[in-house]
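Numbers here are sequence positions counted from 1. Note that ligands are numbered from 1 as they come in the structure, with each ligand's atoms numbered from 1 the same way.
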Amino acid sequence: MKDTKELDREYIVPTYRRFDVNITGGAGSLLTDAGGKEYIDMGAGIATNSFGACDPEWVAAVTEQLSRIQHASNLYYTDPCARLAALLCEKTGMKKVFFPNSGAEANECAIKTARKWAAENKGPEYFTVVTMKNSFHGRTLATLAATGQAVFHKDFLPLTPGFAYAEPEDAAELEEILKNEKCAAVLLETVQGEGGVRPLSTEYIKAVAGLCEKYDVLLMIDEVQTGNGRCGYMYSYMEHGVHPDVVTTAKGLGGGLPVGAVLFSEKTAGVLTAGTHGSTFGGNPVCCAGAISVVSRLDEELFASVRRKSAHIFEKLSGKPGIKGVYGRGLLIGIETEEDAASFIGKCISAGVLVLGAKGRVRLAPPLNIPDGLLDRALDVILAVAEKGETTE
Ligand SMILES: *Cc1c(COP(=O)(O)O)cnc(C)c1O
């Protein structure tokens, strides 16, 4: 019989360059592969498994819902999505929620909202959504166009029209675009995650918010990766004291199940009306039950521990041999290594630490509740790889 790797290679289109690791189980921040090898999880399924692998409280919430009803469709009311929406609004002050299944779909919904809002309030020619160079917003055709990195556009032209790109940290350039183009919204990440974990400054984020006011366009924040406690706040925009009109999220929301959310402020809560948007699986009760288990535990105490762990990572790694820079917010960290990031990541994995990459940097996004001892063990491996360019196994 063919093994998993052979079957995958034969039958799955090769869009992913996989590492030679077959994950078969896990508990908390430890994962195991098919050969029984154990790894410290510094990636959390790309910032999705917010409380680690098979967190007991999350498993109980999901299985309890699973044994009631797995799906009902949006033709009917179900408890979990209504309760999750209320919880999200309570924790953000936003007014209404739409549930998509992924980050890209969340951003699609935001872009549709911006177009409809602008058509109704400014005129149908005001459809341009300004995004940032080096951003990442997803892989569907509209979110690909929103993504400000040519490498993702290649082979898929023509792009969906209606996007303009601004250089991050250059408020004057953004103002020129808002002045000269007929704009509906600005969509941005507070930390460019896939773009190499590059945080934007509070000064710039505040300036963007001010320009959105001045030119009457929506401020839309993509919290797909940065949200749900990842950056040490419920949503990362909260650190910067701005008030977005639309917030999109996904990744960590469901604790490892596919669910996203689009949050609407007072100003945008009435834009999407019956029949204007939808999703068959949107608000799926099992996914929403998992998300309730996650979101109900996102509190000040957890955020403080995320920020404390973050400071510890910065302190432990900054300025050490082989490490050129440490960037990020909360438990979304990018490390610039002297060694090529891809080979650095391979060495960490061989040494039993699963780290991620992001545009030439090593990215860390461990479970939010990773124990201090495991975090230190993982950081020691990273330091050893950085110093010697070899593993400590
Ligand atoms: C991952 C990501 C997306 C896309 O999310 P998917 O669930 O893969 O569609 C969009 N925006 C940001 C900022 C992301 O990090």
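No side-chain donor from either of E57 and S293 sits under 3.5 Å from a side-chain acceptor of the other. Between the side chains of H312 and D372, no donor-acceptor pair is found at a separation under 3.5 Å. In summary, the side chains of N228 and S50 do not present any donor paired with an acceptor at a separation below 3.5 Å, with no hydrogens or angles considered. A donor-acceptor pair shorter than 3.5 Å cannot be found between the side chains of D170 and Y204. If you check the side chains of E175 and Y215, you find a donor sitting under 3.5 Å from an acceptor.
More than 12 heavy atoms of other residues, nucleotides or ligands sit less than 6.0 Å from atom CD of E38.
Cation-pi geometry between R297 and F51 is satisfied (NZ or CZ under 6.0 Å from the ring centre, within 45° of the ring normal).
At a heavy-atom distance under 4.0 Å, atoms from both the backbone and the side chain of A104 approach ligand 1. By the criterion of a heavy-atom distance under 4.0 Å, neither the backbone nor the side chain of I46 is placed next to ligand 1. Contacts of K251 with ligand 1, taken as heavy-atom pairs under 4.0 Å, involve the side chain alone.
Among all protein heavy atoms, the one lying closest to atom 11 (N) of ligand 1 is D222 OD2, 2.8 Å.
In the vicinity of F136, heavy-atom distances shorter than 4.0 Å reach the ligand 1 atoms 2 (C), 3 (C), 4 (C), 11 (N), 12 (C), 13 (C), 14 (C). Every atom of ligand 1 with a heavy atom of Q225 under 4.0 Å away is listed here by number and element: 15 (O). Applying the 4.0 Å criterion to heavy atoms of H137 picks out, from ligand 1, the atoms 10 (C), 11 (N). For ligand 1, the atoms sitting less than 4.0 Å from at least one non-hydrogen atom of N107 are 10 (C), 11 (N), numbered in the order shown with element in parentheses. Atom numbering of ligand 1 starts at 1 in the shown order; those under 4.0 Å from a heavy atom of S102 are 7 (O), 9 (O).
When only interatomic distances are considered, the shortest N/O to N/O separation between G103 and ligand 1 falls below 3.5 Å. Ligand 1 has no N or O atom lying under 3.5 Å from any N or O atom of E189, backbone or side chain. Residue A250 places no N or O, backbone or side chain, under 3.5 Å from any N or O of ligand 1.
Checked against the 6.0 Å centroid threshold, F98 and F264 do not count as a close aromatic pair.
Partner of F99 under the side-chain contact (heavy atoms from CB on, under 4.5 Å) criterion, out of P80, C287, C81: C81 alone.
Within a 4.0 Å radius of atom 8 (O) of ligand 1, the protein contributes no non-hydrogen atoms.
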